[in-house]
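Read the structure below first, then the notes.
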Amino acid sequence: MRRRDRFRQIFVYAIYILITGIVQFQWPDSWGAWGVKPDFMLVLVVLAGYLYGFVDGAVVGLVSGFVRDCLGSRVFGSGMLMLFLAGVLAASLFQRNMNRTAITVLLSIITITLLLDVAIFVIQYSMVRSADMRMWAFSVQAYAGKRLLPLELFNLLSGLLMLPIFKNFGPYPKRVQRDRLTQGVRGEELL
């Protein structure tokens, strides 16, 4: 990859990470449902991993997680781990025998959002002391209806909005993106 293309890749990812981080943490609570907001950084990482491969997904996941941890995490490193895993999952999920269409990208966003949110719920539930179980005594249906379903819908909508922007103004020049899409080249091979 040429030096100018590498600079473009870093610059575009930096701009996208900053914009998604700012929008995510400045998103008004009144625009959400039951206190749930879209996870723009997760959608960005899934798009990078799915469209451009393992290296892009992992690096964008780590940097986005670092920004997330700096902007609003109680435990430093949790966002980095979560978004790194999302980028790695996106790079490996639905890749074999699948075309990279908008449907499979959106299916990847839905699947990774579901896996990560359920994992976070299980970890939080397992750390609750038995004396505090009354506070957590709500059903799985309430969790799915008031947390998981709105999050899936918000992430799906944000993925629908971000996908054309990411494809048309992505981190690689048009010639490289066109070659990658027609030949099925992954992000690692662009390095």
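Being a predicted model, the structure only gives us computed values, none of them experimental.
Side-chain atoms of Asp56 never come within 3.5 Å of backbone atoms of Gly49 as a donor-acceptor pair (strictly under, hydrogens ignored).
Phe66 and Phe76 have their aromatic ring centers within a separation under 6.0 angstrom. Between Tyr50 and Phe166, a ring centre-to-centre spacing not shorter than 6.0 Å is recorded.
For Ser108 against Leu93, the heavy-atom pair with the smallest separation is OG-CD2, 4.5 Å. When all heavy atoms of Val36 and Phe154 are compared, the pair lying nearest together is O-CE1, 3.2 Å. Ala91 and Gly53 make their closest contact through CB-C, 3.7 Å (heavy atoms, listed as atom of the first residue, atom of the second, distance). Residues Leu42 and Ala86 approach most closely at CD1-CB, 3.4 Å, considering heavy atoms. Heavy-atom minimum distance, Val88 versus Ala58: CG2-CB, 4.3 Å. Nearest heavy-atom pair across Ser158 and Val43 is OG-CG2, 3.4 Å.
We find the CG-CD1 distance between Leu115 and Ile120 to be 11.0 Å, quoted to the nearest 0.5 Å. Ile19 CD1 to Ile15 CD1: the interatomic distance, rounded to the nearest 0.5 Å, is 6.0 Å. Separating the CD1 atom in Ile110 from the CG atom in Leu156 is a distance of 4.5 Å, to the nearest 0.5 Å. For the atom pair CE of Met82 and CZ of Arg68, the computed distance is 3.5 Å after rounding to the nearest 0.5 Å. The CG atom of Leu114 sits 13.5 Å away from the CD1 atom of Ile109 when rounded to the nearest 0.5 Å. With rounding to the nearest 0.5 angstrom, the CG atom of Leu18 is 14.5 Å from the OH atom of Tyr13.
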* To do: Check step by step if side-chain contact (heavy atoms from CB on, under 4.5 Å) holds for Gln9 and Arg6.
  => CA-CA 5 Å; Gln9 177 188 16; Arg6 175 66 65 191; 2.7 Å; yes
Starting from the C-alpha separation in whole Å, work towards a yes-or-no answer on side-chain contact (heavy atoms from CB on, under 4.5 Å) for Thr20 and Ser64.
CA-CA 9 Å; Thr20 56; Ser64 295; 5.6 Å; no
For Leu85 and Ile112, what are the C-alpha separation, side-chain angles and deciding distance, and is it a side-chain contact (heavy atoms from CB on, under 4.5 Å)? CA-CA 9 Å; Leu85 291 175; Ile112 291 173; over 6 Å; no
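Residue Leu161 is found outside any hydrophobic cluster, as its side-chain heavy atoms come under 4.5 Å of no other Ile, Leu, Val, Met, Phe, Trp or Tyr.
Applying the side-chain hydrogen bond (donor to acceptor under 3.5 Å, both in side chains) rule to Gln24 yields the partners Asp39; only residues at least two apart in sequence or on another chain are considered. Every side-chain hydrogen bond (donor to acceptor under 3.5 Å, both in side chains) that Thr113 has, sequence neighbours left out, goes to Asn155.
No side-chain heavy atom of Val63 sits under 4.5 Å from any side-chain heavy atom of Leu83. Looking only at side-chain heavy atoms (C-beta outward), Pro171 and Tyr52 come within less than 4.5 Å of each other. Contact of the Leu163 side chain with the Leu51 side chain is registered, since non-hydrogen atoms from C-beta on lie closer than 4.5 Å. For the pair Tyr16 and Met162, the minimum side-chain heavy-atom distance is 4.5 Å or more.
A continuous path of hydrophobic side-chain contacts links Ile165 to Tyr172 [ILVMFWY only; heavy atoms under 4.5 Å]. Under the 4.5 Å side-chain heavy-atom criterion for Ile, Leu, Val, Met, Phe, Trp and Tyr, Phe54 and Ile10 are members of distinct hydrophobic clusters. Using a 4.5 Å cut-off between side-chain heavy atoms of Ile, Leu, Val, Met, Phe, Trp and Tyr, with links allowed through other members, Leu160 and Val23 fall into the same hydrophobic cluster. Taking hydrophobic clusters as Ile, Leu, Val, Met, Phe, Trp and Tyr residues chained together by side-chain heavy-atom distances below 4.5 Å, Phe11 shares a cluster with Leu47. Linking ILVMFWY side-chain heavy atoms closer than 4.5 Å, directly or via other members, places Leu157 and Phe40 in a single hydrophobic cluster.
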